[in-house]
Amino acid sequence: MKIAMIGTGYVGLVSGACFSDFGHDVICVDKDISKITALENGIMPIYEPGLEELVLRNVAAGRLSFTTEIEAVKGAAAIFIAVGTPSRRGDGHADLRYVFAAAEEIAANLDGPAVVVDKSTVPVGTGDEVERIMREKAPNLDIAVVSNPEFLREGAAIDDFKRPDRIVIGSEDERANDVMREVYRPLFLNKSPLLFTGRRTAELIKYAANAFLATKITFINEMADLCEKVGANVQDVSRGMGSDNRIGSKFLHAGPGYGGSCFPKDTLALIKTAQDYNSPMQIVESVVQVNDKRKRAMGRKVIEAMGGDVRGKKIAMLGLTFKPNTDDMRDAPSIAIVQALEDAGAQICAYDPEGMKEAAHIMATVDMKQNAYETAQSADALVIVTEWDIFRALDMRRILTSMKGNIMVDLRNIYDDHDMREIGFSYTSVGR
Ligand code: NAD
Ligand code: UGA
């Protein structure tokens, strides 16, 4: 089956590469010439574990190719839209201009019946508008518009795509449903459940899932604050509540607040949709407020751990990306933390295994180092912001000896309180 993927970012590239690995013939289209040129030369535009090998193998097998030419949609049985839907400046609603532009470009280049599948995360009703655009631009063609939201996580994207908990397909068109069954047949045979719903329902499922996960994280983060006040341990609370099957243990790790390219923008967009339909989502509104405040509050937590005054102090930060195993810096908590500490007069140096190139554009004043040990050298305090595996078993005695001070703030709870104090750190973590 020939598949065209419009947008070759995190979702488009991973989905396209995985579809080609199932045996489909995939062409990935992007407007960004530098991205396509890099891919044509075997260079990945993003860091995602396993992606390079997957892409190179399928390109070599002749099943995966890249282009900037939208004409590539001709003859494709399914055309996926996987372009960005960032927050619109000003009101926080999803900015749909890339989706609508892609829809227009696809319609202008089709020469026969087609199934157009929206994989971008879009507010309820967007599929209706995409269909309207298609009908207007290509009135004589039989085009079905399907919603197929994507649930992969960065850093685990290939595994999530190939072993999904469910595949949601929103369409009322039986011919389109047959095409979607064929697209996902390899996963279907592996017993990944296909959930067929109405298109609007599928669009809403995506927001419901992300908002719920963001709520779960925010709940445990507030619980962590309470734990600190009452002398309880949030990791044990999390274990104790998460082992109830009705609650589940995942997404109950307390930390500096959720970030990334999705939870922050998708919670905002859901709030806007709910307001537009006069059906406010007050829980999600609170989640957004609590999470926004939390990121900067983590800067204050560091300042307090350092005695209340960080002017002229050197602070070493380990991890800058919003989570490990990605180079994505979008809405990373580190941005607010660096800002808060610099505002208070501190000098920041940092190391991140994959995020420093991207981070350098956002935090130009931060002194980027080559590894964790170099970062800690002569620092007054060490702050762990992202739980990369490489930070989990550092030689902490060596680190402490090279530091000027002995303060450590572990915002991901990856070290043991008792062990760190025994080594000689003045150790603070989250909710313990
Ligand atoms: P991204 O910014 O990494 O990639 C989007 C790409 O689309 C860019 O390369 C851009 O150049 C390209 N593009 C824009 N308009 C185009 C057009 N008209 N023709 C061709 N290419 C075009 O975005 P992303 O992170 O992959 O997210 C894409 C969508 O998927 C968003 O709606 C997002 O919410 C959703 N999503 C993302 C993730 C994730 O982990 N990143 C997971 C699930 C869902
Ligand atoms: C998230 C969802 O998990 C995916 O299902 C969804 O497809 C994606 O958004 C999307 O719509 O784009 P992602 O943002 O890649 O995926 O990463 P997550 O693993 O969900 O982490 C998001 C943030 O929450 C990170 O900052 C992470 O550190 C934080 N988090 C996560 C916690 O603080 N505690 C946890 O227990 C889990």
Side-chain angles (χ1 to χ4, degrees), residues 1-84 102 105-120 141 143-144 146 148 150 152 154-164 167 169 175-190 192 194 327:
M1 171 181 273
K2 180 178 171 188
I3 293 176
M5 186 66 66
I6 313 304
T8 310
Y10 282 86
V11 166
L13 181 55
V14 169
S15 308
C18 289
F19 281 143
S20 67
D21 212 38
F22 297 159
H24 296 311
D25 177 13
V26 180
I27 180 134
C28 289
V29 183
D30 205 289
K31 276 190 161 352
D32 185 337
I33 298 169
S34 62
K35 216 172 244 188
I36 295 300
T37 310
L39 282 162
E40 282 174 338
N41 288 304
I43 299 163
M44 298 305 111
I46 54 167
Y47 173 76
E48 180 63 42
L51 185 63
E52 183 172 334
E53 188 272 330
L54 185 75
V55 167
L56 296 183
R57 181 155 47 78
N58 284 287
V59 168
R63 290 188 296 260
L64 178 62
S65 57
F66 305 99
T67 182
T68 54
E69 305 294 328
I70 191 74
E71 291 81 13
V73 299
K74 286 188 176 44
I79 300 152
F80 283 79
I81 299 179
V83 300
E105 289 158 18
I106 293 167
N109 282 279
L110 282 175
D111 55 2
V115 176
V116 174
V117 190
D118 176 48
K119 209 171 229 331
S120 296
L141 292 182
I143 302 170
V146 176
N148 170 222
E150 180 51 55
L152 63 79
E154 290 180 20
I158 293 168
D159 206 49
D160 282 352
F161 193 90
K162 289 191 161 184
R163 273 171 277 278
I167 297 150
I169 295 169
R175 182 180 59 91
N177 286 348
D178 286 343
V179 170
M180 295 307 286
R181 273 190 203 96
E182 193 54 27
V183 166
Y184 282 107
R185 200 175 49 82
L187 290 179
F188 190 46
L189 294 177
N190 288 345
S192 296
L194 283 186
D327 56 355

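Note: hydrogens, waters and symmetry copies are ignored here, and every other heavy atom, side chains too, is used. All figures in this text were calculated on a predicted structure; none of them were measured in a lab.
- Not a single salt bridge (charged side-chain N to carboxylate O under 4.0 Å, His left out) links Glu40 to another residue, sequence neighbours left out.
- Heavy-atom minimum distance, Ala144 versus Ala176: CB-CB, 3.8 Å.
- We find that Arg181 and Asp178 are joined by a salt bridge, their nearest charged nitrogen and carboxylate oxygen being less than 4.0 Å apart.
- A tilted orientation is assigned to the rings of Phe161 and Tyr184, their planes being inclined by 30° to 60°.
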- Step-by-step side-chain contact (heavy atoms from CB on, under 4.5 Å) determination, Ile81 to Ile106: CA-CA 9 Å; Ile81 299 179; Ile106 293 167; 3.8 Å; yes
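- Glu48 places a side-chain N or O within 3.5 Å of a backbone atom of Ala156 that can act as its donor or acceptor partner.
- Residues Gly42 and Leu56 share a closest heavy-atom pair of CA-CD2, 3.7 Å.
- Considering only heavy atoms from C-beta on, Met44 comes within 4.5 Å of Leu39 through its side chain.
- For Asn41 (side chain) and Thr37 (main-chain N/O), a donor-acceptor pair under 3.5 Å exists by modelled atom type.
- Nearest heavy atom pair, residue Ala17 against residue Leu64, reads CA-CD2, 4.0 Å.
- Proximity of Asp21 to Ile158: side-chain heavy atoms (C-beta onward) are nowhere separated by under 4.5 Å.
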- Decide side-chain contact (heavy atoms from CB on, under 4.5 Å) for Lys31 and Glu105; before the verdict, give the C-alpha distance in whole Å, the side-chain angles of both, and the deciding distance to 0.1 Å. CA-CA 11 Å; Lys31 276 190 161 352; Glu105 289 158 18; 3.0 Å; yes
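- Of all heavy-atom pairs between Lys2 and Ile27, the closest is CE-CG2, 4.1 Å.
- The backbone N or O of Leu152 sits less than 3.5 Å from a side-chain atom of Glu150, completing a donor-acceptor pair.
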Using residues 5-15 as the side-chain source, report each donor-acceptor pair under 3.5 Å to any protein atom, sequence neighbours left out, with the distance given to one decimal.
unit_1, atom_1, unit_2, atom_2, d
Thr8, OG1, Val29, O, 3.0
Tyr10, OH, Asp327, OD1, 2.6
Ser15, OG, Val11, O, 2.6

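- Side chain of Lys162 to backbone of Phe22: no donor-acceptor contact under 3.5 angstrom is found.
- Contacts of Asp32 classified as salt bridge (charged side-chain N to carboxylate O under 4.0 Å, His left out), with partners at least two apart in sequence or in another chain: none.
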